[in-house]
**Q** 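Before I ask anything, here is the structure I am working with.
Atom set for the values below is all heavy atoms of this structure, side chains included, hydrogens, waters and symmetry mates excluded. Numbered from 1 within each chain, the chains take letters A, B, ... in sequence-line order.
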Amino acid sequence: MTKQELLSKTYEPNKFEAAIYELWEHGGVFNTLKGHLAGDDASAGPATCKSSNNNHFSILMPPLNANGNMHIGHSLSISLQDILCRHHRAQGTPTSYIPGLDHAGLETWVVFEKKLNEKGQSRFDFDRNTLYQKTWDFVEENKNNIQLQLRASGAGADWGNQFYTLDDNIRAQIYATFKQMWQDGLIYRGERIVNYSTKFQTGYADIEVDYKEEKGFLWDIIYDIKGSDEKIVVSTTRPETMLGDTAIAVNPSDQRYSHLVGQTAILPLLNREIPIVADDYVDAVYGTGAVKITPAHDPNDFEVGNRHNLPRITVIGFDGLMTAEAGQYAGLTVEKARNEVLKSLDKIGKLGEKKKIVHTVGYDYKSGLPIQPLLKEQWFIDMKPLAKKAIAAIKAKKIRFYPESRANVLISYLENLRDWNLSRQIPWGIPIPAFQNTSDPTDWIFDDRTDLTEIVADGKTYRRDEDVFDTWFSSGQLPLSVMPDGFTPISVMETGGDILFPWVSRMIMLSLYVKNQVPFTDVYLHGLVLDQHGAKMSKSKGNVINPMEVIEQYGSDALRMGLVVSRSAGQSQAFGLDKVISGRNLCNKLWNIAKFTSGILGEDYLRYTGFATNQNRGAGEISLNEPVENWIVARALTVKLRIDKLIADYRFAEAAEMLYGFIWGDVADWFIEAEKVYQNRDLLAWVLQFTLKLAHPFLPFVTEAIWQTLPFTTTILAAETWNDADFVSAKSAINELATGEFEQLKTFVSSSRELLANLPKAKYKLLYGNDNLIKSNSDLIKNLLKLESIATSDVGGELPIVVAGREAWLDVPKKVKQDYFANLRTKLEAAKSEIAALERRLLNPNYTEKAPAELVAETEATLKEKQQIVAKLQAELSQ
RNA sequence: GGAUCUUUAGCUCAGUUGGCUAGAGCGUACGAUUCACAUUCGUAAGGUCGAUGGUUCGAGCCCAUCAAGAUCCACCA
């Protein structure tokens, strides 16, 4: 089969996309080492565009869940990253796009545990090591799936350097960091109130708690004062926790209660004696001004308890049930205990008012159940020093943010950051390298031999902490462990705006801490991909779009185009299939441009050698003979420079739209149409290869597929770099005058079409006077207007076409002429009022004095032009 | 309680330091059509740029206030 025959009649992406990806991968196009080797094409290539830091460009792919599937948000993310990488690669910049998969701690664990449960097994049937192995195997089985999806998305990633967040080098880095922090005194173990998921039996980070505002009740509970008839009333939203009360607190300056401070209150139901203390934490004007203190179940009460040396009584267990401390309520769920406590209180007359209120309640973001604040020993990082460095770096603009406003949002987050709970009580993750002395619970040592559960040091036996690290602690260090030499800091961190806090902030802090270097210089955040009505996609709503299905139906390029257009940094935006279809149509257009061009070139066409200058034309050189030919080359060069600039500014949507307009509006509608007349083979070949190169980052598959079929190409498009010499010779070959002439021709043709648009059949003649432009382009005009004939005429014809400087008429029926004149009069009026406005502006001394001189000159020129048009219109009308 | 973002054509959105008549795609209307493409071609209609003030020679863009919507952060019982 010849190359040309490969260019099938219709554009059917799913017939070639997989093969194209294989071609790239086999060709080593995405291999990061390319460009480092002496004499390699990439390093020898010219760079038309500015290069990134150290003349290297790098992107770290935010790791996808190894056990998951891509969703449409991933597709957007991958598209943007891949556009950047392919663009920079084509500039000749050594480029590294490092792909990776995430073990995704809790996310994966939840899926695996569900599977276990389905088999009638539970996590309690196995020890943590066994569970870890089982989960590992489960993930290994599914890893391949997501990698296939990434390839289907066109991600031009360096698979030879791919990472998995459980890799040895990644673990080693994490342990090294943990050790350094341990030695610096930033790591501490403490009993604190943690956000606990009773469903998954693990603590969460603050950021993993999903707060929801909801309606609830505020109950008053009446406490007796010991040795007095007085009562004290407290309000609470969680009556069941009163079983764990160890004090009542009031504001020290609250006159109402000052005489009670130091006295003892009797806890109803349990008849426990608890002190009344004074603490600034209490807001005297809220509720009754007296607060029950439950140090084991509320972070604020915990603090109050510390200040007043109060005991901590745990009444809710890690299983979410009431503990033995809860007396008769032991074993009940929190909800049942609440009802029972309320009933009991009511029975003994200790329940006061019940008020409706709106308050925020923390929920488990995975299970949707309420988060229990529970007392637990965990590992914490003191975040203050880390945050401080990060804030300084951001303020010093060492990292640029797109959109810019996110920098300030991040700073205020960092300023209020609390200590980070690192411990997770799940089997799936990286074990914490800390061991506890079996005979002294306060004696903890660091040791990275986490494959052992027990070690002996200094003659003492230590047992490993069973917990694993929070996933963000490990993914927050990826820039430190996975980037190839020479590619740090990472050029662009492209990721979703929703993980600015959990991930981006941590990478910045940890990289600054460990290496005293920012992990990346630019952060580009994309928004959510919403459904076509602007609603969040979610499984429960059933409005989720599976990107693989879209790719199957419309092609990977179409999906990429559909996602990228109409989207600016950080903005969540609706996604509709109409945009994908429009992308598919563009691919189809490109396909047909290629088919037309190939048809004219023939199978034996060999590559041109460059542009001819003036008359000195050598064999295979491109000559620009016609106005349209000069115009399209000039246009191509301009568009390329503009797209380069737009990509450098991360204005992807505008770049994509510019490309769309170039392919469809300039190349197809004007150039190709014109070449049906001229058939300049060399130029057709040049324009096609240029367009394919330009479009490649946005439409990698279709451009490569076409490239592979061209008779004059033997290379891989994805590995092609822009050639400066070609650019220069193209530029020097352009005749500016001819370019301008084609602009005039375009206007002339458009105006004529407007006249002809609504005529039943275009069987008319175009007559023209002494006009060289029309004369020398008569064939083209006749073709573009689909006219029957075109001829010179000394006398004015029926219907004048009014375009500045042109003399031409259409031979049409009287009726058409009359309508046209009516139209002309409206235009005349419009032009006149524009002139009036321009004159007014020029008469305004404030304008002429204060506005820039060029602008004033431009206004004057416009005025003259308009005046000419009016004169002409008036002349035509008077005929 | 604090903060951020959004509001431009019927729909989804662009509009880069303020500068001529505010753009695109889709949709709509009218017309065309034997080969590159119906996944097509041509033409047109459609906008007081959320509201009100202000700064300026000039505001979709800058400032203030307001309205509507979205999101994030925060331990108020």
**Q** Quick check on RNA chain B: between A/E12 and A/A668, whose nearest nucleotide comes earlier from the 5' end?
**A**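 This one resolves to A/A668.
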**Q** May I ask you to check whether over 12 heavy atoms, not counting those of A/E353, lie within 6.0 Å of atom CD?
**A** no
**Q** Under a 3.5 Å cutoff, is there a donor and acceptor pairing between the side chains of A/R312 and A/N306?
**A**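 There is such a pair (donor and acceptor under 3.5 Å, judged by atom type) between the side chains of A/R312 and A/N306.
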**Q** Within the pair A/R567 and B/U12, is there a side-chain N or O less than 4.0 Å away from OP1 or OP2?
**A** no
**Q** Regarding A/S412, tell me which of base, sugar-phosphate or nothing describes its non-hydrogen contacts under 4.0 Å with the strands shown.
**A**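 Touches nothing.
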**Q** On the nucleotide B/G58, are OP1 or OP2 found under 4.0 Å from the side-chain N or O atoms that A/T859 carries?
**A** no
**Q** Taking only the P atom of each, what is the distance from B/A70 to B/C13 in whole angstrom?
**A** 14 Å
**Q** Looking at every strand, decide which applies to A/K355 at a 4.0 Å heavy-atom threshold: base, sugar-phosphate, or nothing.
**A** nothing
**Q** Taking only side-chain N and O atoms of A/W664, does any of them lie within less than 4.0 angstrom of OP1 or OP2 on B/A24?
**A** no
**Q** If you compare every side-chain N and O of A/R406 against the phosphate oxygens of B/C72 (OP1, OP2), does one of them come in below 4.0 Å?
**A** no
**Q** Examine B/U4: is either OP1 or OP2 under 4.0 Å from a nitrogen or oxygen in the side chain of A/N408? Give yes or no.
**A**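 For A/N408, the contact criterion (side-chain N or O under 4.0 Å from OP1 or OP2 of B/U4) is not met.
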**Q** Which pair of heavy atoms, one from A/T288 and one from A/Y257, lies closest together, and at what distance?
**A** O-OH, 2.6 Å
**Q** According to a strict under-4.0 Å criterion, is A/S568 in side-chain N/O contact with OP1 or OP2 of B/A14?
**A**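 Checking A/S568 against B/A14: at least one side-chain N or O falls below 4.0 Å of OP1 or OP2.
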**Q** Could you pick out which residue, A/N416 or A/N592, lies toward the 5' side of RNA chain B when each is mapped onto its nearest nucleotide?
**A**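 On the 5' side of the pair lies A/N592.
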**Q** List for me each residue that meets ring pair (Phe, Tyr, Trp, His ring centres under 6.0 Å) alongside A/F401, sequence neighbours excluded, and say none if there are none.
**A**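 In terms of ring pair (Phe, Tyr, Trp, His ring centres under 6.0 Å), with neighbours along the sequence ignored, A/F401 is linked to no residue.
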**Q** I'd like to know if the side chain of A/K536 pairs up with that of A/S572 as donor and acceptor (distance under 3.5 Å, no hydrogens or angles considered).
**A** no
**Q** Which is true for A/K676 with a 4.0 Å heavy-atom rule: it touches a base, it touches only sugar-phosphate, or it touches nothing?
**A** base
**Q** For RNA chain B, which residues in residues 276-284 of chain A have a heavy atom at a distance below 4.0 Å?
**A**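 Those residues whose heavy atoms fall under 4.0 Å from RNA chain B, taken from residues 276-284 of chain A in numerical order, are A/Y281, A/V282, A/D283.
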**Q** Please measure how far the C1' atom in B/A59 lies from the corresponding atom in B/U52, and state the result in whole Å.
**A**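 Going atom to atom, C1' in each nucleotide, I get 15 Å.
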**Q** May I ask you to list the residues of residues 291-306 of chain A, by number, that have any heavy atom positioned under 4.0 Å from an atom of RNA chain B?
**A**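 Only A/V291, A/N300 qualify.
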**Q** Please check the phosphate of B/U40 (OP1 and OP2 only) for any side-chain N or O of A/K595 closer than 4.0 Å.
**A**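 So the side-chain polar atoms of A/K595 never come under 4.0 Å of the phosphate oxygens OP1 or OP2 of B/U40.
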**Q** Considering only atom P, compute the distance from B/A77 to B/A67 and round it to an integer number of Å.
**A**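 After rounding to an integer number of Å, I get 26 Å for this pair.
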